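Worksheet: the structure to be examined is printed underneath.
For the numbers below, each heavy atom of this structure counts, side chains included, while hydrogens, waters and symmetry mates do not. Reminder, nothing fancy here: chain letters follow the sequence lines and each chain counts from 1. This is a predicted model, so every value here is computed, not measured.
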Number of protein chains: 2
Amino acid sequence: MFKGQIEQIRRFNRVVTLHVGALEDSYLQRGRPLSEARLLHEIRDNTDVRTLRERLKLDSGHISRLLRSLKAQGLVRTTADPSDGRVRRVALTPGGLNERATYEALSDELAMSFLRPLEPHQRDRLVDAMAEVERLLRAGAVEVRLEPPASAAAQWCLEQYFAELSARFEVGFDPSRSNPASPEEMTPPSGFFLVAWLDGAPQGCGALKISDGGSGEVKRMWTAPTARGLGIGRRMLRSLEAMAREAGLTRLRLETNRALNEAQTLYRSEGYQEVAPFNAEPYAHHWFEKKL
Amino acid sequence: MFKGQIEQIRRFNRVVTLHVGALEDSYLQRGRPLSEARLLHEIRDNTDVRTLRERLKLDSGHISRLLRSLKAQGLVRTTADPSDGRVRRVALTPGGLNERATYEALSDELAMSFLRPLEPHQRDRLVDAMAEVERLLRAGAVEVRLEPPASAAAQWCLEQYFAELSARFEVGFDPSRSNPASPEEMTPPSGFFLVAWLDGAPQGCGALKISDGGSGEVKRMWTAPTARGLGIGRRMLRSLEAMAREAGLTRLRLETNRALNEAQTLYRSEGYQEVAPFNAEPYAHHWFEKKL
DNA sequence: AACATTCTCTGACTTTAGTCAGATATTCGC
DNA sequence: GCGAATATCTGACTAAAGTCAGAGAATGTT
């Protein structure tokens with residue numbers, strides 16, 4: 001069924017690993033174990049050890065030894081965190097900065113080696129195609145999960161959402177004047193709050209508030225600006241619909257402001273039909289409904 | 001200068017290694033060291049050890065031990081090469097075939113995992129973009145080298161070239177009726193023979209035959225069908241021109257058959273102009289010339 | 001036939017990577 | 001203030017990867 005596509009992807013994987021794998025060789029040529037080089041590469045100004053451990057998925061003993069070795073080479077310096085004496089913060093010495101710059105240059109050089117043999121228009125096509133692959137792989141890695149509305153991730157999304165509404169609506173936005181959706185209303189069984197995750201960070205949200213009579217309201221649909229174009233909104237909406245169906249709902253409703261035209265396009269393309277206003281939301285210009 | 005492009009490529013590299021790197025994890029989950037799994041994967045019917053060593057770039061001691069381990073697991077069988085008692089040939093047992101099929105399935109599964117979360121049109125775009133990246137990376141890896149016309153690679157290219165002409169010309173092709181280009185005429189200082197290489201295999205050729213009066217003739221321009229679209233013909237032609245300039249030539253000439261329209265397109269786009277016939281080549285319909 | 005070369009295998013290493021059970025110091029929750 | 005939890009470090013490992021010198025058999029060269 002996906003036979004040809006799978007073959008193409010596997011061909012891609014082979015060719016790309018061959019090319020990209022060359023980076024490890026060039027890193028190794030600096031005469032340092034790969035894990036030390038990678039660690040050095042991850043240390044920005046004053047990173048704490050625990051963050052490094054999570055990012056590189058290394059055993060605490062392992063990372064401790066690697067840091068000891070980098071320290072012996074005079075590349076890093078560790079200090080205790082001023083606010084929590086248990087955690088150690090790592091910073092690069094001037095020599096370490098230098099060394100990291102060298103690794104950066106090697107990465108740049110690898111990228112250049114892809115471009116150099118090509119003609120200008122081929123280069124453009126390569127870079128465009130790479131951007132597309134990257135975008136779609138990232139889109140595939142997005143995960144939509146149920147989250148308590150009071151969680152830090154949910155709160156962060158809501159803050160961003162309100163900030164954006166206030167910037168985009170002609171009249172600004174004041175949550176207290178808008179129809180509310182309280183944390184309880186977005187917590188099972190009264191409703192749901194979903195967060196889209198990518199690389200461990202929230203990228204968008206969406207909520208469902210269950211009303212009487214087998215009907216539900218879609219609220220708080222938002223996608224982080226850096227993650228737009230990945231189809232997060234659509235996935236969010238479909239996830240909400242799936243949960244609504246599971247909860248036995250037969251109709252979904254939502255309202256939106258005329259400034260949010262990409263949202264309207266999404267709703268229409270997902271089968272929502274414009275209906276007469278069904279509430280008095282002061283910021284809404286359009287009301288939609290979909291039978292499940 | 002290429003700043004933005006380099007950044008995009010590095011972003012691509014990061015995202016792709018993250019995704020493609022998952023293959024190693026899934027290979028490891030079969031409880032076998034990665035190098036054994038990779039080796040198993042490379043063994044087709046009756047491969048000899050030396051080929052495996054070259055392909056995987058492993059130390060002979062290392063590969064010997066890996067094979068011993070695979071043999072102990074009942075996955076491979078080795079026999080002496082019938083024609084050369086020093087080399088050993090390796091073949092998969094039924095169990096080995098089975099095991100390799102399992103690894104293949106894991107690779108397919110990884111590819112599927114890229115597609116599954118995407119919508120149909122996103123899938124198409126991902127696969128197209130991957131094809132483009134693969135194509136252009138491969139194109140960049142093509143190497144054009146001077147080769148003696150009598151070498152095995154050159155001879156292979158010429159055979160393929162003649163076979164293709166005989167298939168594509170309406171009247172077939174008989175080298176002995178065509179204007180000749182002898183090995184001596186394509187060997188410095190009388191001329192040059194270039195071969196384009198990719199992954200250790202010849203992919204195309206082109207020759208320059210130096211005539212009197214600062215003039216040269218381009219001959220034997222051919223690209224393997226599997227390598228078309230990588231710009232090999234263009235690179236070949238430009239390489240020949242560069243060598244012609246170095247040899248002090250001021251004019252290049254060539255003739256071609258009307259069946260080879262992609263060749264004509266190439267010549268015109270590289271600045272060759274059609275001129276009156278300058279020789280009596282019986283298979284030619286168009287004659288071209290370019291001032292260097 | 002003698003010698004060099006090629007191919008594979010063996011033994012004896014070293015280096016990396018990764019794991020696991022505590023030891024130690026600090027902070028949090030009550 | 002005290003026990004639980006957290007963050008890091010140390011020691012003691014194992015497994016995997018990779019290196020190197022040389023042995024042994026077959027083949028090529030003169």
Side-chain angles (χ1 to χ4, degrees), chain A residues 17 21-43 46-73 75-91 103, chain B residues 17 21-43 46-73 75-91 103:
Chain A
T17 36
L23 190 60
E24 299 202 343
D25 295 347
S26 80
Y27 269 32
L28 279 174
Q29 278 175 345
R30 302 245 357 118
R32 194 171 282 120
L34 210 51
S35 48
E36 279 184 23
R38 276 200 280 252
L39 178 55
L40 195 61
H41 209 256
E42 283 296 330
I43 300 170
N46 264 24
T47 327
D48 51 273
V49 174
R50 162 220 232 154
T51 314
L52 293 172
R53 218 171 44 222
E54 278 168 16
R55 278 219 285 260
L56 296 166
K57 284 176 193 134
L58 293 178
D59 175 85
S60 68
H62 194 179
I63 210 169
S64 174
R65 254 176 288 270
L66 292 173
L67 282 172
R68 198 202 298 163
S69 164
L70 289 176
K71 206 160 19 172
Q73 294 169 57
L75 301 176
V76 306
R77 186 177 38 226
T78 61
T79 49
D81 186 303
S83 72
D84 183 342
R86 291 169 303 181
V87 324
R88 314 227 83 207
R89 305 197 138 272
V90 192
Y103 284 114
Chain B
T17 36
L23 190 59
E24 300 202 342
D25 295 347
S26 79
Y27 269 32
L28 279 174
Q29 278 175 344
R30 301 242 1 116
R32 194 172 282 119
L34 209 51
S35 48
E36 280 185 24
R38 275 200 281 253
L39 179 54
L40 196 61
H41 210 259
E42 283 297 329
I43 300 172
N46 265 23
T47 327
D48 51 273
V49 174
R50 163 220 232 153
T51 313
L52 292 172
R53 217 172 45 222
E54 278 169 16
R55 276 219 286 259
L56 295 166
K57 283 175 196 137
L58 293 178
D59 175 84
S60 68
H62 195 178
I63 210 168
S64 174
R65 255 176 287 269
L66 292 173
L67 282 172
R68 198 202 296 163
S69 163
L70 289 176
K71 206 158 24 171
Q73 293 169 58
L75 301 176
V76 305
R77 187 176 38 225
T78 60
T79 50
D81 185 303
S83 71
D84 184 340
R86 289 169 302 182
V87 325
R88 315 226 82 208
R89 304 196 139 273
V90 193
Y103 284 115

What is the distance from [atom1] of [X] to [atom2] of [N], rounded to the nearest Å?
X	N	atom1	atom2	value
B:Glu24	D:dA16	CD	C1'	13 Å
B:Arg53	D:dG18	CZ	P	15 Å
B:Asp48	D:dA26	CG	P	17 Å
A:Leu39	C:dT16	CG	P	15 Å
A:Lys71	D:dC9	NZ	C1'	10 Å

Closest nucleotide among C:dT8, D:dT10, D:dA7 to the B:Arg50 side chain:
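Nucleotide nearest to B:Arg50's side chain: C:dT8.
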With a 4.0 Å cutoff (strictly under), does any side-chain N or O of B:Arg68 reach OP1 or OP2 of C:dT10?
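Yes, B:Arg68 has a side-chain N/O under 4.0 Å of OP1/OP2 on C:dT10.
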Decide salt bridge (Lys or Arg N to Asp or Glu O under 4.0 Å) for A:Arg86 and A:Asp84; before the verdict, give the C-alpha distance in whole Å, the side-chain angles of both, and the deciding distance to 0.1 Å.
CA-CA 5 Å; A:Arg86 291 169 303 181; A:Asp84 183 342; 2.9 Å; yes
Can you check each nucleotide of nucleotides 17-27 of chain C against protein heavy atoms at under 4.0 Å and return B for base, S for sugar-phosphate only, - for none, in 5' to 3' order?
SBBB-----BS
side-chain hydrogen bond (donor to acceptor under 3.5 Å, both in side chains) contacts touching residues 55-64 of chain A (sequence neighbours left out):
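As it turns out, the side-chain hydrogen bond (donor to acceptor under 3.5 Å, both in side chains) pairs with a partner in residues 55-64 of chain A, which skip direct neighbours, are A:Glu42-A:Arg55.
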Whether B:Arg30 and B:Glu36 form a salt bridge (side-chain N of Lys/Arg under 4.0 Å from carboxylate O of Asp/Glu) is what I want to check.
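Judged by the 4.0 Å cut-off on N to carboxylate O distance, B:Glu36 and B:Arg30 do not form a salt bridge.
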No-hydrogen, no-angle side-chain donor-acceptor test under 3.5 Å, A:Thr79 and A:Arg89:
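No pair is found: no donor N or O on one side chain lies under 3.5 Å from an acceptor on the other.
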Would you tell me whether B:Tyr103 and B:Arg32 have side-chain atoms, one donor and one acceptor, within less than 3.5 Å of each other?
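Yes, because at least one side-chain N or O of B:Tyr103 sits under 3.5 Å from a partner of the opposite role on B:Arg32.
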Minimum heavy-atom separation for B:Ala91 to B:Asn46, with atom names?
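In this case the closest contact between B:Ala91 and B:Asn46 is CB-OD1, 3.5 Å.
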